Amino acid sequence: MSSLPVNTVILGDAVQEMNQLPAKSVDLIFADPPYNLQLKEELRRPDLSKVDAVNDEWDQFDNFTAYDRFTFEWLTASRRVLKDDGALWVIGSYHNIYRVGKILQDLGFWILNEIVWIKINPMPNFRGVRFTNAHETLIWAKKSENSKYTINYHAMKPFNEGKQMRSDWTLHICKGKERVRFNGEKVHSAQKPEALLYRVLLSSTHPGELVLDPFFGTGTTGVVAKRLHRNWIGIEQEPQYVQAARERLGETQNEPYDRDIFDLRDKKRLAPRVPFPRLVENNLIQPGQMLYFQKDTNRAAAVRPNGTLQYQDFVGSIHQTAKHIQNGRSTNGWQHWYYQDEKGELQEIDRLREQIRKEMGWETR
């Protein structure tokens, strides 16, 4: 395969098809491999009706050794196609996730988080001999310890009422019109909800990046990637799933791309650095002027001509002085020092840094 088959569903074996892709060509992999549930017989409810469980041939392995070999092969192929700063998500249950995690670490991946998908409406344990299995586990790992992976940290806060995003995600299982059916029957027994993939892709990719799903199923990863303006490649070995995925993707619509809307990167973090002394030399802050820590007029520091601050007997940068005031706790001085404007009101010095960026044409878009 000479070029990347971007935004394409490939019918074929995951390992064989990944090995034909160019090395280091993919930004992110989301993998929903067979769980090896080891179901020996049909599951039935107390009224003897059949449970629509995962008993497909693709989920059946002779033993743990065979499953481990399969896992090693697809993870090895995944590692080859990932960019050096790429990352991988893999989802599983207690049947397989511990085995996957061990092999993943053996291959050199570096685990970032374990995410627990807590199901709002899980299937009960009909026999009443175990606790209801009400969650699945996702492992998020970067390619190596030194990989500079993507995390849209601030963009995910709204999902947790403005607070740092947690590792427990409470979501419905796939249901309603989202469930792909044919003649009233489920097409795929393990279809994942779009909301789950939405969080995965929004948190760890940027628009235009390439996401690979080597166990594509009915195409949930592609559908969400399309909605978020990410590129994608899907590999699936079951023809009926490929057909369903292609139809589903053909019906998926998205809004026209607008960088200001869809690119959720923290623009302040990406903006060019402006040292505090530049505010002094550009006459935005005067030598000898007082700055106030967290608007507290009792904790004032004088600006020296070279942009350092004098606070009592301590001299240091805006960051060092803030750290000193807080007894050694690292602090971003831009967010804690205030100056007095012409009206006598206290303003954050970060406003002046943004003014410098605008004047220099350094605004981040």
Side-chain angles (χ1 to χ4, degrees), residues 9-19 21 26 28-43 51-82 88-107 109 114-117 119 122-123 133-141 173-174 179-180 185-193 196-197 200 211-222 232-245:
V9 188
I10 301 171
L11 173 62
D13 174 78
V15 173
Q16 293 178 8
E17 297 300 333
M18 277 195 285
N19 284 338
L21 297 176
V26 173
L28 187 82
I29 292 176
F30 176 82
D32 183 9
Y35 287 10
N36 191 27
L37 296 179
Q38 307 134 47
L39 295 180
K40 305 300 182 184
E41 56 188 22
E42 291 183 346
L43 296 180
V51 176
D52 191 9
V54 181
N55 52 13
D56 306 84
E57 184 177 345
W58 49 257
D59 192 60
Q60 297 171 9
F61 294 81
D62 292 337
N63 47 48
F64 288 129
T65 299
Y67 187 78
D68 290 349
R69 182 168 56 251
F70 161 77
T71 301
F72 177 85
E73 289 175 353
W74 77 257
L75 279 174
T76 299
S78 296
R79 187 172 176 78
R80 188 189 72 83
V81 298
L82 266 183
L88 174 143
W89 289 77
V90 56
I91 187 169
S93 66
Y94 68 88
H95 303 86
N96 72 322
I97 200 64
Y98 302 107
R99 311 185 78 86
V100 171
K102 190 266 185 188
I103 296 171
L104 184 146
Q105 288 182 310
D106 287 345
L107 288 171
F109 288 94
E114 174 192 52
I115 304 295
V116 180
W117 166 29
K119 302 177 181 179
M123 183 182 296
N133 186 24
H135 77 276
E136 292 184 28
T137 300
L138 297 94
I139 295 175
W140 178 32
I173 62 173
C174 187
R179 171 68 73 172
V180 179
E185 299 293 328
K186 294 179 183 178
V187 172
H188 198 294
S189 56
Q191 184 181 337
K192 297 299 183 289
L196 182 68
L197 270 299
V200 167
V211 180
L212 168 66
D213 186 337
F215 307 101
F216 202 54
T218 55
T220 302
T221 301
W232 54 271
I233 297 173
I235 302 172
E236 176 54 54
Q237 67 177 0
E238 301 294 330
Q240 69 272 27
Y241 298 161
V242 169
Q243 180 180 349

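Residue numbers run from 1 in the order of the sequence given. None of these values were measured; they are calculated from a predicted model.
Side-chain contact check for I29 versus L82: some heavy-atom pair is nearer than 4.5 Å. Contact check for I173 versus P122: no side-chain heavy atoms found under the 4.5 Å cut-off. Side-chain contact check for I91 versus V200: every heavy-atom pair is 4.5 Å or farther apart. In this structure, L138 and V90 have side chains that are not in contact, with every pair of non-hydrogen atoms separated by 4.5 Å or more. In this structure the side chain of I235 reaches within 4.5 angstrom of the side chain of M18, judged on heavy atoms. Looking at E136 and K119, their side chains come closer than 4.5 Å, going by heavy atoms from C-beta outward. In this structure, L75 and F70 have side chains that are not in contact, with every pair of non-hydrogen atoms separated by 4.5 Å or more. Here the side chains of L21 and L212 are in contact, with some heavy-atom distance below 4.5 Å.
Taken from CH2 in W140 to CH2 in W89, the straight-line distance is 6.0 Å, to the nearest 0.5 Å. The OG1 atom of T221 sits 12.5 Å away from atom CD1 of I233, with the distance rounded to the nearest 0.5 Å. Of the inter-residue distances, the one linking L107 atom CG with T71 atom OG1 reads 10.0 Å to the nearest 0.5 angstrom. We find the CD1-OH distance between I103 and Y98 to be 15.0 Å, quoted to the nearest 0.5 Å. To the nearest 0.5 Å, atom CD1 of residue I139 and atom CD1 of residue I115 are 11.0 Å apart. The OG atom of S93 sits 11.0 Å away from atom CH2 of W117, with the distance rounded to the nearest 0.5 Å.
Between A190 and D32, the shortest heavy-atom distance links the atoms O-OD2, 3.9 Å. Minimum interatomic distance between P214 and A14 (heavy atoms only, all atoms of both residues): O-CB, 3.4 Å. Closest approach of F64 to R99, counting heavy atoms only: CB-NH2, 3.3 Å.
Applying the salt bridge (charged side-chain N to carboxylate O under 4.0 Å, His left out) rule to pairs touching residues 234-244 yields nothing, sequence neighbours excluded.
Ring-plane geometry between F215 and W74 is classed as perpendicular, the angle between the planes exceeding 60 degrees on a 0 to 90 degree scale with a lower cut at 30. Between Y241 and H188, the angle of the ring planes lies from 30° to 60°, which puts this pair in the tilted group.
Remark: side-chain polar atoms of Y67 are not paired, donor with acceptor, to backbone N or O of Q60 under 3.5 angstrom. A side-chain donor-acceptor contact under 3.5 Å links N19 to the backbone of V15.
Under the rule for a side-chain hydrogen bond (donor to acceptor under 3.5 Å, both in side chains), N63 has no partner lying at least two apart in sequence or in another chain. Applying the side-chain hydrogen bond (donor to acceptor under 3.5 Å, both in side chains) rule to Y94 yields the partners R130; only residues at least two apart in sequence or on another chain are considered.
For F61, the CZ atom sits in a packed shell: over 12 heavy atoms of surrounding residues, nucleotides or ligands are nearer than 6.0 Å.
Of the candidates Q191, K192, K186, R179, Q191 is the only one forming a side-chain contact (heavy atoms from CB on, under 4.5 Å) with T218.
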